[in-house]
Amino acid sequence: MPLGEAKFSIVHITTDCVTKGQWITGLPLIGEQQLSLVNYTMFSGEGAVKDLYWDSKDTTNQSIHSSISLHTDEPISVELKDQLASLQLLNNMHISIIQGDSKNNGYRMLFMPTISTQSVQYNLLLSQLDGMYTFAEPFPIWLKEVMIAFITDFQPTNTKAQEIVATLQSLMSTDQLQQWKDILKQLTTETVTPQLLDEKIALVLRSSTNYFVKNNEVEYVYPFYYVDKREVLLNNDPQLLDVIYYEGNILYEAQPFLEALGYTAYEGENGYYVNNETRVFRFPNNHGFYVFNQRRYNTVSNPIIEVENEYFIEETWMQRLFLVELSKTDNTINIASVKAQLE
């Protein structure tokens, strides 16, 4: 809780008795009394009061449960009340929902043109999330829905969030899902970024990934893969290239690796081209063969794999075609070219 934040608030308001309307504070309404000259209203509850709103319409304050009050001029069905009362929320902090149009919501106040279970749950959970967490800007709405989905039983409305939640759920055991939920609840003291979420989910999956960062860079759903964080050395020189685990393959980022070996690599009309002064390769996309020095060789797997417009070399093919040897330690991946070993 920020320094100086109120833990409990009591608000007393008196209004001229001839004035029509009601005050809304975001706190639960404790009581009101009409006196001869003034109307007296009292609010009390946990947390701070940062906004006061005067509702001049003849709306009714309908308490749903300890966390929700509805201000609407329309009758609320018993079924809707029961549905709203059963919602799983992020916290028990009371909030007032006012039926009406407004460009800006207040602290602990939500303005909604229509009242339904789905709209209340969606807007209320997002409001609570924004109140509990500090997000780096810009922070995508789909990622907030992903967080809410794991903390509560909320079903995301965003299709990207739906697919990402399903993917992550398929990777986790019951214990891991609970661990991930607990970790997300503990992030209220940190600035939440896609990078931070990647770091935290790596603790659950016991392997690194850049899933949230990659998806934050594109509009579509970027595929999930694990990332090997070990340092890559080529002939003892450190290299900046990604090593990933994708669909059962260990893949090395092609461009920086090949250029470090002295090759020119590029995407062409009929596939991916790799060449130097004496060796010329062409790798058609998913055609079951490659061409080396104008001779065709059939394959049962792809040496070069494209992952969302990025080219990678499969580890076994990398050693066979580009004449390198591998050794690995807990901290490094050592790649040595046969030529370098002979010199």
Side-chain angles (χ1 to χ4, degrees), residues 88 90 121-122 125-126 129 132-133 135-136 139-188 190-232 241-254 286 301-302 304-318 328 330-331 333:
Q88 184 182 1
L90 296 177
Q121 182 183 33
Y122 179 78
L125 287 172
L126 283 178
L129 193 78
M132 294 169 59
Y133 294 84
F135 294 103
F139 196 87
I141 192 70
W142 63 261
L143 192 44
K144 291 183 179 181
E145 288 196 26
V146 168
M147 291 179 63
I148 293 172
F150 281 105
I151 298 173
T152 71
D153 60 358
F154 171 73
Q155 299 299 315
T157 61
N158 182 284
T159 54
K160 182 170 183 174
Q162 292 170 359
E163 188 170 337
I164 288 174
V165 168
T167 296
L168 295 177
Q169 286 176 335
S170 70
L171 297 171
M172 298 184 201
S173 66
T174 301
D175 290 343
Q176 286 176 314
L177 283 169
Q178 184 59 50
Q179 182 186 3
W180 179 231
K181 179 176 181 177
D182 293 339
I183 287 175
L184 289 175
K185 289 181 177 180
Q186 296 167 5
L187 297 183
T188 54
E190 303 187 50
T191 299
V192 182
T193 65
Q195 292 90 339
L196 178 66
L197 293 176
D198 277 333
E199 293 171 7
K200 296 301 183 181
I201 203 167
L203 300 175
V204 178
L205 299 175
R206 300 182 181 87
S207 218
S208 297
T209 182
N210 54 13
Y211 191 47
F212 293 118
V213 168
K214 286 293 188 181
N215 272 288
N216 191 46
E217 296 172 351
V218 296
E219 295 295 328
Y220 55 88
V221 178
Y222 197 91
F224 180 91
Y225 53 69
Y226 292 107
V227 177
D228 195 320
K229 291 293 187 179
R230 286 178 288 186
E231 183 181 24
V232 179
L241 64 92
D242 290 335
V243 181
I244 68 173
Y245 300 86
Y246 178 66
E247 295 185 343
N249 298 301
I250 302 176
L251 306 177
Y252 292 72
E253 189 179 3
N286 299 313
S301 63
N302 292 318
I304 301 292
I305 296 176
E306 184 180 0
V307 181
E308 297 302 325
N309 301 317
E310 295 182 70
Y311 286 93
F312 293 83
I313 308 172
E314 192 276 328
E315 185 176 75
T316 303
W317 281 108
M318 180 181 73
K328 300 179 182 180
D330 290 342
N331 300 314
I333 298 174

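Side chains included, hydrogens not; waters and symmetry mates left out as well; all remaining heavy atoms used.
Side-chain atoms of I333 and Y252, non-hydrogen and from C-beta on, do get closer than 4.5 Å to each other. With a 4.5 Å cut-off on side-chain heavy atoms, K160 and V146 do not count as touching. Considering only heavy atoms from C-beta on, L129 comes within 4.5 Å of F135 through its side chain. Contact of the V243 side chain with the L241 side chain is registered, since non-hydrogen atoms from C-beta on lie closer than 4.5 Å. The shortest side-chain heavy-atom distance between E308 and Y220 falls under the 4.5 Å cut-off. For the pair L197 and T193, the minimum side-chain heavy-atom distance is 4.5 Å or more. Residues Q155 and I148 have side chains not in contact (no heavy-atom distance under 4.5 Å, counting atoms from C-beta outward). Between Y245 and L251, the closest side-chain pair of non-hydrogen atoms is not below 4.5 Å.
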Checking L177 against T174 for the side-chain contact (heavy atoms from CB on, under 4.5 Å) test, could you report, in this order, the C-alpha distance in whole Å, the side-chain angles of both residues, the deciding distance, and whether it holds?
CA-CA 5 Å; L177 283 169; T174 301; 5.6 Å; no
If you apply the rule side-chain hydrogen bond (donor to acceptor under 3.5 Å, both in side chains), what do you find for Q178 with D182, and how did you get there?
CA-CA 6 Å; Q178 184 59 50; D182 293 339; 2.9 Å; yes
Dump the intermediate steps for side-chain contact (heavy atoms from CB on, under 4.5 Å) on Y133 and K144, then the final yes or no.
CA-CA 10 Å; Y133 294 84; K144 291 183 179 181; over 6 Å; no
Given the rule in the side-chain contact (heavy atoms from CB on, under 4.5 Å) test, do F154 and Q88 qualify, once you have shown the distances and angles that lead to the verdict?
CA-CA 8 Å; F154 171 73; Q88 184 182 1; over 6 Å; no
Carefully, step by step, assess K181 and K185 under the rule side-chain contact (heavy atoms from CB on, under 4.5 Å).
CA-CA 6 Å; K181 179 176 181 177; K185 289 181 177 180; 3.7 Å; yes
Evaluate the side-chain hydrogen bond (donor to acceptor under 3.5 Å, both in side chains) criterion for residues W142 and T159: first the C-alpha distance (whole Å), next the side-chain angles of each, then the deciding distance (0.1 Å), finally the verdict.
CA-CA 8 Å; W142 63 261; T159 54; over 6 Å; no
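Looking at residues two or more places apart in sequence or on another chain, you find a side-chain hydrogen bond (donor to acceptor under 3.5 Å, both in side chains) between Y122 and E145. Considering only residues two or more places apart in sequence or on other chains, Y246 meets the side-chain hydrogen bond (donor to acceptor under 3.5 Å, both in side chains) condition with none of them.
The nearest pair of heavy atoms linking A149 to V165 is CB-CG2, 3.9 Å. Shown here for L187 and L196, the closest heavy-atom pair between the two residues is CD2-CD2, 4.3 Å. Minimum heavy-atom separation, D228 to R230: OD2-NH2, 2.8 Å. The shortest non-hydrogen separation linking P156 to A161 is CB-CB, 3.8 Å. Of all the heavy atoms in N302 and I305, the pair that sits closest is O-CG1, 3.8 Å.
Rounding to the nearest 0.5 angstrom, the gap separating the CG atom in L125 from the OG1 atom in T152 is 5.0 Å. Atoms CD1 and CD, from I183 and Q176 in turn, are 10.0 Å apart once rounded to the nearest 0.5 Å. Separating the CD atom in Q179 from the CG atom in L205 is a distance of 9.0 Å, to the nearest 0.5 Å. From Q195, atom CD reaches atom NZ of K200 across 13.5 Å, with rounding to the nearest 0.5 Å. Once rounded to the nearest 0.5 Å, the distance linking CG of N249 with OG of S301 reads 7.5 Å. Note that the CG atom of L90 and the CD1 atom of I151 stand 5.5 Å from one another [nearest 0.5 Å].
Here the side chain of E190 pairs no donor or acceptor atom with the backbone of V192 at under 3.5 angstrom. For the pair D198 (side chain) and F212 (backbone), a donor-acceptor distance under 3.5 Å is present.
Remark: of the listed residues F224, Y222, Y225, F224 is the sole one forming a ring-ring contact (aromatic ring centres under 6.0 Å, His included) with Y211.
In the displayed structure, E219 atom CD is contacted under 6.0 Å by at most 12 heavy atoms of other residues, nucleotides or ligands.
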